[in-house]
Amino acid sequence: MKDYLRSILKDALRQFDLPEENIPEIQIEKPNQPEHGDAATNLALMLARPLKNNPRNIAGQIVDALKYDTGRVKAVEIAGPGFINFRYAQHYLYDELETVLREGASFGHSDVYSGQKVLIEFVSANPTGPLTVGHGRNAVLGDTVARLLEWTGAEVDREYYFNNAGRQMRVLGQSVRARYLQELGRDAAFPEDGYQGEYIRDIAEALVAEQGDALAESEDITPFKEKAEAHIFEDIRQTLNRMDITMDSFFNEHDLYEDGSIEQTIEIFRQKGLAYEQDGAIWFKTTRFGKDKDTVLVKSSGEPTYRLPDIAYHANKLDRNYDLCIDVFGADHIDTYPDVLSGIEALGYDKTKVDVIVYQFVTIVKEGKPYKMSTRKANFVTLDELMDEVGADVTRFFFLMRSPNTHLEFDIAEARQAGEKNPVFYLQYAHARIKSILRKAEDEYTLSGTPDLTLLAHPSETQLIKTIIRFQEVIQSAAESREPHRLINYLNDLASHFTSFYHDCRILGEEEALVQARTSLAAATAQVLANGLGILGISAPDRM
RNA sequence: GCGCCCGUAGCUCAACUGGAUAGAGCAAUUGCCUUCUAAGCAAUAGGUUACAGGUUCGAGUCCUGUCGGGCGUACCA
């Protein structure tokens, strides 16, 4: 519909003989006030300046020249300072509703991203411990954006990037070794900054069970590291699985050293005069890209900092021919992002192909108090624990209900309550309720043939239809802005319009043609709820 | 100090990327179950959008400054 309005408006603009650069992008939006119609454009207001005319006059000229299909648009009005408001024809609503019923489970798909290959990298937690609540927000956001992009036509791959070398992993191996020796009843000093979590003991126990004391005499921590990594990755996979997240690939940072791309990156920087040596370290001239200070790429110890592999990794992604690479990371990593962009730009890649979703931190609120977390000290809340408490559906929902850009307060008490305070149940309940009605309708009626949708004329019915048919454009805007919470807001709106319809209009017990029309409307609502919840990765139960 | 994010109802957050009268949930008050699921509906109350300027037809949204909060600001990842 928006496209249609844009096209007829564009035709109406021809009369002004405007040079190309003065024609603004035509914005169509849904007015806040229902009495302002179903769609509106501020076109005349935007043209006031270039045309040096009063916006209301311009609006008048546009409307006079406007040729529209009365099957779709019932009325066009000028209002306020010069808005042009459109009202949809009832017939158009019925046509669209029919489309919903016809397309069913695939209703809402579009092709705005079709032909695009997208790589979304998320979670990317190093295998040093179980996933925490913070990783949870990352995981759910990444996966949901992936689903949104798939619904808008993109071909999406999900990738998990990790580093199993370096100090963190060394400490992990030492921690496991210490627990292993303790398990065997030997004296072993636990590393000062070691990982104290219970899971370390589990790994140690598993090693004792498999190997006995065969590893006790060796100083080599490699077997401990390897065992820990395998064990932890298995846990992570299972945790993700509980939330219905499956990765397409795991990318090991180490491969970038193996295939020489780390060396190659430095070499190119050197050739371009963007890297230099000082105090035994290699520096990247980030000052060239507007930073205050240059950045170290390789420490004097010979070990690269994480920025170098990050840059090489992004180059690697782009080499794999993705049209768009999205990274999901927490606010604490925000500083590396500009460096990575500068890096790949320096390597000659198109940096607009890299996009980032930054999310703010999660605070767990337990018994009205915020809960402080640290992985090292093991006083974190793991994602699994959280899901044990509130379930996977609620977990996903809470992570998605707010804009990534704001701090998220996850109130366990609130999330635990089934119903009342808990917003996810509102949506599931609406779905279950419709399914219940439809089951009853099946028992009591034998409905066949095509429903006469024109019987749906009650204001609540009209409102509900208008909401249903917005679904596709909501998905698009959520996908484009990478903001899943828009879809949640919409689904709340939808459920709320359904319940007012449910209270205003009886579905069963009316005459048969009306029953048929109303069950169709209810079925369409349930379908959109199910499709929407599916994108969010949340179940849509038939009964509650 | 510098960089990024944020400041909206008592609390947690929206506001379609600059549009018309700033909206939901929770908490508070009130009414609605012999009738399709009351995990619901209807209504009342709650606001100088932190503050001060600026940009323009129009600002919660953009710019400048001030105050307040979060995260960075290592040759840690």
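Please read all numbers here as calculations on a predicted model, not as lab measurements. Just so we're on the same page: letters track the sequence lines, and every chain starts at 1.
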Describe the nucleic acid contact of [X] in one word from base, sugar-phosphate, nothing, applying a heavy-atom distance below 4.0 Å.
X: Asn85(A); answer: base
X: Tyr502(A); answer: base
X: Ala40(A); answer: base
X: Lys30(A); answer: base
X: Asn489(A); answer: sugar-phosphate
X: Ala432(A); answer: base
X: Arg543(A); answer: base

Discussion item. Using the rule given for side-chain hydrogen bond (donor to acceptor under 3.5 Å, both in side chains), can you reason through Thr132(A) versus Thr382(A), listing the C-alpha separation, both sets of side-chain angles and the distance that settles it, and then say yes or no?
Written reply: CA-CA 4 Å; Thr132(A) 64; Thr382(A) 67; over 6 Å; no
Practice prompt. Nearest 0.5 Å please: distance from the CG atom of Leu149(A) over to the CD1 atom of Ile475(A).
Written response: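 Leu149(A) CG to Ile475(A) CD1: 11.5 Å, rounded to 0.5 Å.
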Discussion item. Hydrogens and angles aside, do Glu77(A) and Asn85(A) bring a side-chain donor and acceptor to less than 3.5 Å of each other?
Written reply: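 No, because no side-chain N or O of Glu77(A) sits under 3.5 Å from a partner of the opposite role on Asn85(A).
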How close or far is atom [atom2] of [N] from atom [atom1] of [X], stated in whole angstroms?
X: Asp327(A); N: C4(B); atom1: CG; atom2: P; value: 20 Å
X: Leu487(A); N: A24(B); atom1: CG; atom2: C1'; value: 16 Å
X: Asn32(A); N: G19(B); atom1: CG; atom2: C1'; value: 9 Å
X: Asp493(A); N: C16(B); atom1: CG; atom2: C1'; value: 12 Å
X: His431(A); N: U37(B); atom1: NE2; atom2: C1'; value: 14 Å
X: Ile334(A); N: G70(B); atom1: CD1; atom2: C1'; value: 13 Å
X: Ile507(A); N: C36(B); atom1: CD1; atom2: P; value: 11 Å
X: Lys52(A); N: U56(B); atom1: NZ; atom2: C1'; value: 16 Å

Fill in: Assigned glycosidic conformation for U17(B) [threshold 90° from 0]
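Syn conformation for U17(B).
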Worksheet item: Syn or anti: how is C33(B) classified when any glycosidic angle within 90° of 0 counts as syn?
Response: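 Base orientation relative to the sugar is syn.
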Discussion item. Apply side-chain contact (heavy atoms from CB on, under 4.5 Å) to residues Thr287(A) and Phe289(A) and explain how you reach the verdict.
Written reply: CA-CA 5 Å; Thr287(A) 44; Phe289(A) 301 92; over 6 Å; no
Does a salt bridge link [X] with [Y], judged by any charged N lying under 4.0 Å from a carboxylate O?
X: Arg6(A); Y: Asp3(A); value: yes
X: Lys30(A); Y: Asp38(A); value: no
X: Arg439(A); Y: Glu444(A); value: no
X: Asp193(A); Y: Arg167(A); value: yes

Worksheet item: Got a sec, which residues hit side chain to side chain contact (heavy atoms under 4.5 Å, CB included) with Ile437(A), two or more places apart in sequence or on another chain?
Response: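 Result, side chain to side chain contact (heavy atoms under 4.5 Å, CB included) vs Ile437(A): Tyr502(A), Ile507(A), Leu508(A).
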Fill in: With sequence neighbours excluded, residues passing side chain to side chain contact (heavy atoms under 4.5 Å, CB included) with Ala39(A)
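Leu5(A), Ile28(A), Phe86(A), Tyr88(A).
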Between [X] and [N], is there a side-chain N or O to OP1/OP2 distance below 4.0 Å?
X: Arg49(A); N: C57(B); result: yes
X: Lys440(A); N: U37(B); result: yes
X: Tyr426(A); N: C26(B); result: no

Discussion item. Test: ring-ring contact (aromatic ring centres under 6.0 Å, His included). Region: residues 474-495 of chain A. Which pairs qualify, not counting sequence neighbours?
Written reply: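 Output for this query lists Phe471(A)-Tyr490(A).
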Worksheet item: When the ring centroid of Phe251(A) is compared with that of Tyr160(A), is the distance short of 6.0 Å?
Response: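 No; Tyr160(A) has its ring centre 6.0 Å or more from that of Phe251(A).
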Worksheet entry | Any pair counted as salt bridge (Lys or Arg N to Asp or Glu O under 4.0 Å), so long as it reaches residues 470-496 of chain A, sequence neighbours left out |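 Matches after skipping sequence neighbours: Lys2(A)-Glu473(A), Asp355(A)-Arg482(A), Arg470(A)-Asp493(A), Glu483(A)-Arg486(A).
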Fill in: Contacts of Arg56(A) that satisfy salt bridge (charged side-chain N to carboxylate O under 4.0 Å, His left out) - sequence neighbours left out
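For Arg56(A), no residue satisfies salt bridge (charged side-chain N to carboxylate O under 4.0 Å, His left out) once neighbours in sequence are set aside.
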Practice prompt. Taking salt bridge (charged side-chain N to carboxylate O under 4.0 Å, His left out) as the test, write out the residues that go with Glu461(A), two or more places apart.
Written response: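 Once residues adjacent in sequence are excluded, the partners of Glu461(A) under the salt bridge (charged side-chain N to carboxylate O under 4.0 Å, His left out) criterion are Arg518(A).
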Discussion item. Taking only the C1' atom of each, what is the distance from C36(B) to A15(B) in whole angstrom?
Written reply: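 My reading of the C1' atoms in C36(B) and A15(B) gives 35 Å.
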Discussion item. Suppose you measure atom C1' in A77(B) against the same atom in G19(B); what distance do you get, rounded to whole Å?
Written reply: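 About 45 Å, rounded to a whole number of Å.
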Worksheet item: Which of these nucleotides, C71(B), U37(B), C36(B), is closest to any side-chain atom of Leu508(A)?
Response: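 The closest nucleotide is C36(B).
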Item to complete: Counting heavy atoms from C-beta on, name the nucleotide in G40(B), U35(B), A14(B) closest to the side chain of Arg506(A).
Response: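 Selected nucleotide: U35(B).
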Fill in: Selection: residues 473-486 of chain A, any non-hydrogen atom under 4.0 Å of RNA chain B
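Contacts with RNA chain B under 4.0 Å: Ser481(A), Glu483(A), His485(A), Arg486(A).
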Give me the distances for all protein-to-nucleotides 74-77 of chain B N/O pairs that come in under 3.5 Å?
from	atom 1	to	atom 2	distance (Å)
A74(B)	OP2	Lys293(A)	NZ	3.2
C75(B)	O2	Ser300(A)	N	2.6
C75(B)	O2	Ser300(A)	OG	2.8
C75(B)	N3	Ser300(A)	OG	3.3
C75(B)	N4	Asp279(A)	O	3.2
C76(B)	OP2	Lys299(A)	NZ	2.4
C76(B)	O3'	Lys299(A)	NZ	3.4
A77(B)	OP1	Lys299(A)	NZ	3.3
A77(B)	O3'	Asn163(A)	ND2	3.0
A77(B)	O2'	Asn126(A)	ND2	3.1
A77(B)	N6	Tyr306(A)	OH	2.7

Response to the item:
Readout for nucleotides 5-12 of chain B: B = base within 4.0 Å of protein heavy atom, S = sugar-phosphate only, - = neither; 5' to 3' it is SS-----B
Sub-3.5 Å pairs of nitrogen or oxygen atoms, protein against nucleotides 60-63 of chain B:
none

Worksheet item: Among all residues two or more places apart in sequence or in another chain, which pass the side-chain hydrogen bond (donor to acceptor under 3.5 Å, both in side chains) test with Thr525(A)?
Response: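 For Thr525(A) there are no side-chain hydrogen bond (donor to acceptor under 3.5 Å, both in side chains) partners, ignoring immediate neighbours.
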Practice prompt. List the steps and the verdict of side-chain hydrogen bond (donor to acceptor under 3.5 Å, both in side chains) for Arg396(A) and Thr144(A).
Written response: CA-CA 9 Å; Arg396(A) 280 196 73 123; Thr144(A) 307; 2.9 Å; yes
Discussion item. Run through RNA chain B and report every stem of 3 or more consecutive Watson-Crick or G-U pairs, distances under 3.5 Å, ordered by first number.
Written reply: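 Detected stem regions: B:1-7 with B:67-73, B:10-13 with B:23-26, B:28-32 with B:40-44, B:50-54 with B:62-66.
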Practice prompt. State which residue, out of Phe122(A), Tyr313(A), Phe250(A), fulfils the ring pair (Phe, Tyr, Trp, His ring centres under 6.0 Å) condition with Tyr161(A).
Written response: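 Answer to the ring pair (Phe, Tyr, Trp, His ring centres under 6.0 Å) test with Tyr161(A) among Phe122(A), Tyr313(A), Phe250(A): Tyr313(A).
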